[in-house]
Amino acid sequence: MASPKFSFCFLVLFVSSYGITCCLGDIWHPKEHAALFVFGDSLFDVGNNNYINTTADNQANYSPYGETFFNYPSGRFSDGRVIPDLIADYAKLPLSPPYLFPGYQRYLDGVNFASAGAGALVETHQGLVIDLKTQLSYFKKVSKILSQELGDAETTTLLAKAVYLINIGSNDYLVSLTENSSVFTAEKYVDMVVGNLTTVIKGIHKTGGRKFGVLNQSALGCIPLVKALLNGSKGSCVEEASALAKLHNGVLSVELEKLKKQLEGFKYSYVDFFNLSFDLMNNPSKYGLKEGGMACCGSGPYRRYYSCGGKRAVKDYELCENPSDYVFFDSIHPTERFNQIISQLMWSGNQSIAGPYNLKTLFEE
Ligand SMILES: *[C@@H]1O[C@H](CO)[C@@H](O)[C@H](O)[C@H]1NC(C)=O
Ligand SMILES: *[C@@H]1O[C@H](CO)[C@@H](O)[C@H](O)[C@H]1NC(C)=O
Ligand SMILES: *[C@@H]1O[C@H](CO)[C@@H](O)[C@H](O)[C@H]1NC(C)=O
Ligand SMILES: *[C@@H]1O[C@H](CO)[C@@H](O)[C@H](O)[C@H]1NC(C)=O
Ligand SMILES: *[C@@H]1O[C@H](CO)[C@@H](O)[C@H](O)[C@H]1NC(C)=O
Ligand SMILES: *[C@@H]1O[C@H](CO)[C@@H](O)[C@H](O)[C@H]1NC(C)=O
Ligand SMILES: *[C@@H]1O[C@H](CO)[C@@H](O)[C@H](O)[C@H]1NC(C)=O
């Protein structure tokens, strides 16, 4: 995909963005600078799970992950970049590194706390992931380090200008649908997930955050693995799963409006990820893609088994020729091409896609 020359340039940038000290600090203008802090799950993880004790289900640091853009498995659950990488690009920031990258302590441009497999509930894959609450505690540590470096006033400015991108919840719902037939009703479970998410948003706000980009739950029932596990056929999405996602989306939308009234300076972009992902999966050709239902990498019918890379329970897998024709890279996670389409719409889409603000406006405010 990327030409060799381009990859080389990218690698140089990568190294400098990962803290080989450079001149960026000297030309930094706090009042014009909007950093990017990222919270969430595998859709946003840029490699934090490479540094925790977990299982191959929650890691993507082996081939063929990363095969197109990076030419090595960086830990991202995609053939290439994930959404926060592409948003950083639009915002003219270096790629946000994983918070757990050893020795990394340069936070002026923000940092990424997301962890594959994580949920808003601490019980979700407990012990194998960095749950959302722990991600918040890491952010608080970062704010203390910034205060020591810049002083309180500049840190307040930096944190208030920054954008906080969050995607969480699908793992909570996948656990409740597949592994743990929950003792809770759907309504109660959604209230807990959204309740824990809004608690964390309030925690970020209390630490100084003001501008939030939050994704709607995707069309969960249409994810190939969910179809495999819950026995849907190729064409039909699993209604029970999508219904949970819709319930979550409605409750979260009400909560975000409440936060806007409660919290000083609170601004948000709520992205209609449900509709966008549903449309991409069901009408891929509208977006220049060829395949919305079958995964690029995996095994079984429509490559719906989560075996990409051969390090998980199922060892054999097939790999498609051209990931950029596909919505799904493995049976859960999207390709870079999908991420590009979504990121572009998150960045500059109209109010029916990202509202009340799109990310471009949030960054520029
Ligand atoms: C990592 O997890 C495995 C399996 O749960 C455990 O046996 C091992 O002791 C853990 N290692 C560390 C360093 O925590
Ligand atoms: C799974 O269900 C049990 C009760 O059956 C509960 O104690 C546990 O917290 C649940 N786990 C999750 C992730 O909800
Ligand atoms: C957060 O989740 C826990 C379960 O992990 C639940 O007991 C608690 O009520 C939730 N908090 C909110 C505010 O919903
Ligand atoms: C899948 O669905 C069919 C028809 O509803 C049913 O007969 C079959 O047992 C199901 N298979 C599994 C694994 O749930
Ligand atoms: C979120 O998802 C629902 C589907 O449940 C959709 O109808 C709604 O418009 C979405 N977007 C927003 C911004 O709420
Ligand atoms: C979501 O999609 C449905 C049908 O695909 C459409 O009717 C609805 O207007 C869309 N919602 C938004 C907020 O775009
Ligand atoms: C918003 O953007 C979408 C996709 O680009 C387009 O289909 C839709 O018509 C637009 N809606 C409005 C109100 O401009």
Side-chain angles (χ1 to χ4, degrees), residues 39-41 83 86 90 115 117-137 166 168-177 179-206 212-219 244 247-259 262-263 269-289 292 327 337-362:
F39 298 78
D41 56 27
I83 289 170
L86 296 154
Y90 279 115
S115 165
L121 306 181
V122 291
E123 292 89 348
T124 296
H125 301 143
Q126 192 158 22
L128 297 172
V129 300
I130 310 157
D131 64 76
L132 192 61
K133 224 175 245 164
T134 306
Q135 294 181 29
L136 172 62
S137 75
I166 310 177
I168 203 83
S170 12
N171 289 305
D172 301 300
Y173 298 119
L174 292 180
V175 164
S176 82
L177 285 161
E179 295 163 26
N180 194 9
S181 45
S182 180
V183 290
F184 305 105
T185 62
E187 285 76 12
K188 173 70 189 157
Y189 197 76
V190 165
D191 282 346
M192 278 170 34
V193 171
V194 174
N196 278 271
L197 169 54
T198 50
T199 302
V200 165
I201 292 177
K202 284 178 186 162
I204 297 171
H205 179 272
K206 196 169 170 208
F212 294 81
V214 182
L215 266 65
N216 213 325
Q217 283 298 311
S218 73
L244 262 182
L247 197 56
H248 171 100
N249 293 345
V251 173
L252 181 54
S253 138
V254 172
E255 288 305 317
L256 287 170
E257 270 303 295
K258 273 194 206 155
L259 291 177
Q262 288 168 4
L263 304 179
S269 175
Y270 193 36
V271 178
D272 196 349
F273 196 38
F274 189 104
N275 266 20
L276 291 174
S277 63
F278 186 87
D279 206 27
L280 268 145
M281 288 184 245
N282 290 287
N283 305 301
S285 60
K286 217 168 110 180
Y287 300 86
L289 304 181
V327 165
R337 187 69 202 111
F338 173 97
N339 288 332
Q340 282 173 333
I341 294 165
I342 298 292
S343 300
Q344 196 240 315
L345 291 166
M346 286 169 68
W347 181 256
S348 55
N350 62 33
Q351 288 237 356
S352 74
I353 290 166
Y357 300 98
N358 58 29
L359 288 181
K360 182 171 189 285
T361 315
L362 273 193

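All residue numbers in this chain count up from 1 along the given sequence. Whatever order the structure lists ligands and atoms in, that order sets their numbers, starting from 1. The figures that follow rest on heavy atoms only: side chains count, while hydrogens, waters and symmetry mates do not. Keep in mind it's a predicted model, so treat the numbers as computed, not measured.
Between Tyr173 and His248, the angle of the ring planes goes over 60°, which puts this pair in the perpendicular group of the 30/60° scheme.
Ser137 meets the side-chain hydrogen bond (donor to acceptor under 3.5 Å, both in side chains) test with no other residue; sequence neighbours excluded. The salt bridge (charged side-chain N to carboxylate O under 4.0 Å, His left out) search around Lys258 returns Glu255, not counting sequence neighbours.
Close approach of ligand 7 to Ile353 is summarised as follows: ligand atoms under 4.0 Å from at least one heavy atom of the residue are 2 (O), 3 (C), 4 (C).
For residues 195-205, every residue pair satisfying the side chain to side chain donor-acceptor pair (under 3.5 Å) rule, not counting sequence neighbours, is listed here: His205-Arg210.
Between Trp347 and Asn358 there is no side-chain heavy-atom pair separated by less than 4.5 Å. Counting heavy atoms from C-beta on, the side chains of Asn216 and Val271 never come closer than 4.5 Å.
Each of Leu121, Glu123, Asp191, Met192, Gly195, Asn196, Thr199 has a non-hydrogen atom positioned under 4.0 Å from some atom of ligand 3.
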